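Single-structure report; data block below.
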Amino acid sequence: MQVVGHWYVTNITEAPVTVPSAYVARPRTLRHVMVWHPDKKIYGQYALLPGKTSEISADFWIQPPTKPEGESLRAKAVFVDQYGNHHSVRAVFHGRKRKPNTNVERPVETVHSIEDPTEKRVAAVLQAELDRYKQCGKGVGGFGSVQLTSQGRTCPGLDTEWREADSPLNQAIVLGSKSVSITSDNVDALLVSYRSLSDDEAKSRFIAALIKRLGRDTGYASVSYLILLVLFRIGRLSDALTKAKSDLVGDSSYGFSDFLRILDSLLRFEHRTFENLWLDE
């Protein structure tokens with residue numbers, strides 16, 4: 001159960017105050033706090049300036065849920081400052097019922113009806129990724145079979161990047177680190193198939209099969225990120241960008257959004273592998 005709150009908080013002291021954490025008292029659920037920047041329209045872990053009022057936000061994930069969907073929750077929210085002081089406030093989190101899903105799920109092709117063995121292999125792996133995405137997708141912060149390995153730790157999906165205003169640090173690009181990698185066993189399976197093809201004509205059919213399925217009306221919109229990764233690995237990023245811009249924008253499966261998130265992560269962790277032409281595009 002996700003509980004989200006916004007508050008206006010005033011620092012009545014003569015020194016800056018930070019609020020590193022907050023929690024709901026019952027059931028005890030800890031969460032970090034985001035504070036509105038005093039001058040810019042951005043949330044972050046900023047200090048509350050002396051004598052100033054700022055907007056702060058906190059969201060809590062309560063497990064197991066304590067209220068049925070749509071019912072409001074009365075609770076005590078407690079904010080903890082850097083000195084360990086606890087500041088509590090009674091709050092009512094107003095329940096909302098989810099809107100009915102009006103999106104029509106696109107039918108996915110039947111693999112056995114595809115005659116070209118190269119195209120059949122592409123479709124089979126993409127459908128395997130569709131199943132993986134249902135198990136580990138946006139709802140749990142995952143990207144299907146995609147994993148990120150960083151500093152010896154492997155996690156599903158992509159690492160979250162916190163951006164801080166007014167920082168001189170280059171936060172978006174990680175350079176000089178060979179310990180960071182974006183991997184996927186389904187990407188590897190497609191790359192093995194591609195590299196096993198003996199002639200250029202077969203490789204062209206393989207690429208065409210991927211590009212053909214990169215679109216909002218193909219049934220594969222939700223796993224467009226995987227098509228991007230494969231085309232990137234074989235040096236055909238330009239084709240992926242062009243097709244996504246023309247045929248994937250505006251999809252109802254968050255496919256274009258996830259496509260951009262994977263692209264952002266590639267730029268962040270594998271920046272040196274991008275050709276100048278790709279950066280321009």
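Treat the numbers as computed from the prediction; the structure is a model and nothing was measured.
Using a distance-only test at 3.5 Å, with no hydrogens or angles considered, a donor-acceptor pair links the side chain of T218 to the main chain of R213. Within the 3.5 Å criterion, the main-chain N or O of T183 finds no donor-acceptor partner in the side chain of S181. At least one donor-acceptor pair under 3.5 Å links the side chain of S246 to the backbone N or O of T242. Between the side chain of E55 and the main chain of Y8, no donor-acceptor pair closer than 3.5 Å is present.
Taking every heavy atom of both residues into account, A58 and V33 meet most closely at CB-CG2, 4.4 Å. Contact detail for I234 and I207: the closest heavy-atom pair is CD1-CG1, 3.9 Å. Across every non-hydrogen atom of Y83 and P16, the tightest pair is OH-O, 4.3 Å. M1 and T66 get closest at one heavy-atom pair: CE-OG1, 3.3 Å. Scanning all heavy atoms of the two residues, the minimum distance from L197 to K203 falls at O-CE, 3.4 Å. When every heavy atom of W278 is checked against every heavy atom of T273, the shortest pair comes out as CZ3-O, 3.8 Å.
Side-chain contact check for L241 versus L263: some heavy-atom pair is nearer than 4.5 Å. Looking only at side-chain heavy atoms (C-beta outward), V146 and I182 come within less than 4.5 Å of each other. Residues L48 and V35 are in side-chain contact: their nearest non-hydrogen atoms beyond the backbone lie under 4.5 Å apart. Side chains of V111 and Q127 form a contact here, defined as non-hydrogen atoms less than 4.5 Å apart. Looking only at side-chain heavy atoms (C-beta outward), S113 and T110 come within less than 4.5 Å of each other. The shortest distance between side-chain heavy atoms of R26 and K76 does not fall below 4.5 Å. Counting heavy atoms from C-beta on, the side chains of I56 and F79 come closer than 4.5 Å. Looking at E129 and S145, their side chains come closer than 4.5 Å, going by heavy atoms from C-beta outward.
Checked against the 6.0 Å centroid threshold, F274 and F232 count as a close aromatic pair.
In this pair, F206 and Y194 present their aromatic rings tilted. The plane angle is within the 30 to 60° band. Note: Y225 and Y133 have tilted aromatic rings, judged against thresholds of 30 and 60 degrees for the angle between ring planes.
Surrounding CG of D199 are more than 12 heavy atoms belonging to other residues, nucleotides or ligands, all under 6.0 Å away. Dense packing is recorded around CD of E201, with more than 12 heavy atoms of other residues, nucleotides or ligands lying under 6.0 Å away. Within a 6.0 Å sphere centred on CG of N276, heavy atoms belonging to other residues, nucleotides or ligands number 12 at most.
The structure places OG1 of T18 at 3.5 Å from CD of Q82, a figure rounded to the nearest 0.5 Å. Rounded to the nearest 0.5 angstrom, L126 CG and N186 CG are separated by 8.5 Å. Between atom CD1 of residue I262 and atom OG of residue S224 there is a gap of 11.0 Å, rounded to the nearest 0.5 Å.
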### Task
Mind running side-chain hydrogen bond (donor to acceptor under 3.5 Å, both in side chains) on N11 and T13 for me, showing each step along the way?
CA-CA 6 Å; N11 177 7; T13 72; 2.7 Å; yes
### Query
Run the side chain to side chain contact (heavy atoms under 4.5 Å, CB included) check on K243 and L248 step by step: do they pass?
CA-CA 7 Å; K243 189 64 158 51; L248 186 59; over 6 Å; no
### Query
Does the side chain to side chain contact (heavy atoms under 4.5 Å, CB included) test come out yes or no for Q2 and D59, once each step is laid out?
CA-CA 7 Å; Q2 184 183 20; D59 65 286; 4.1 Å; yes
#### Entry: K212/Y220 under side chain to side chain contact (heavy atoms under 4.5 Å, CB included): CA gap, chis, key distance, verdict
CA-CA 10 Å; K212 173 184 175 182; Y220 298 102; over 6 Å; no
### Task
List the steps, then state whether side chain to side chain contact (heavy atoms under 4.5 Å, CB included) holds for L229 with L266.
CA-CA 9 Å; L229 277 172; L266 288 171; 4.0 Å; yes
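I211 is connected to V230 through a chain of hydrophobic side-chain contacts under 4.5 Å among Ile, Leu, Val, Met, Phe, Trp and Tyr, so both are in one cluster. No single ILVMFWY cluster, assembled from side-chain heavy atoms under 4.5 Å apart, contains both I114 and V122. When hydrophobic clusters are built by joining Ile, Leu, Val, Met, Phe, Trp and Tyr residues whose side-chain heavy atoms come closer than 4.5 Å, directly or via intermediates, F269 is grouped together with L260. Under the 4.5 Å side-chain heavy-atom criterion for ILVMFWY residues, no single connected hydrophobic cluster contains both V89 and V92. Side-chain heavy atoms closer than 4.5 Å link hydrophobic residues (I, L, V, M, F, W, Y) into clusters, and following such links, even through other members, never connects V17 to I12.
Contact check on K120 versus E109 returns no salt bridge, with no Lys/Arg side-chain nitrogen under 4.0 Å from an Asp/Glu carboxylate oxygen. Residues D247 and R216 are not paired through a salt bridge, judged by the lack of any N-O separation under 4.0 Å between the basic side chain and the carboxylate. Remark: D239 engages R236 in a salt bridge, criterion side-chain N to carboxylate O under 4.0 Å. The pair R132-D185 meets the salt-bridge criterion, since a charged nitrogen lies less than 4.0 angstrom from a carboxylate oxygen. By the 4.0 Å N-to-carboxylate-O rule, E281 lies too far from K245 to be salt-bridged with it.
With hydrogens and angles left out, the side-chain atoms of S222 and S253 include no donor and acceptor closer than 3.5 Å.
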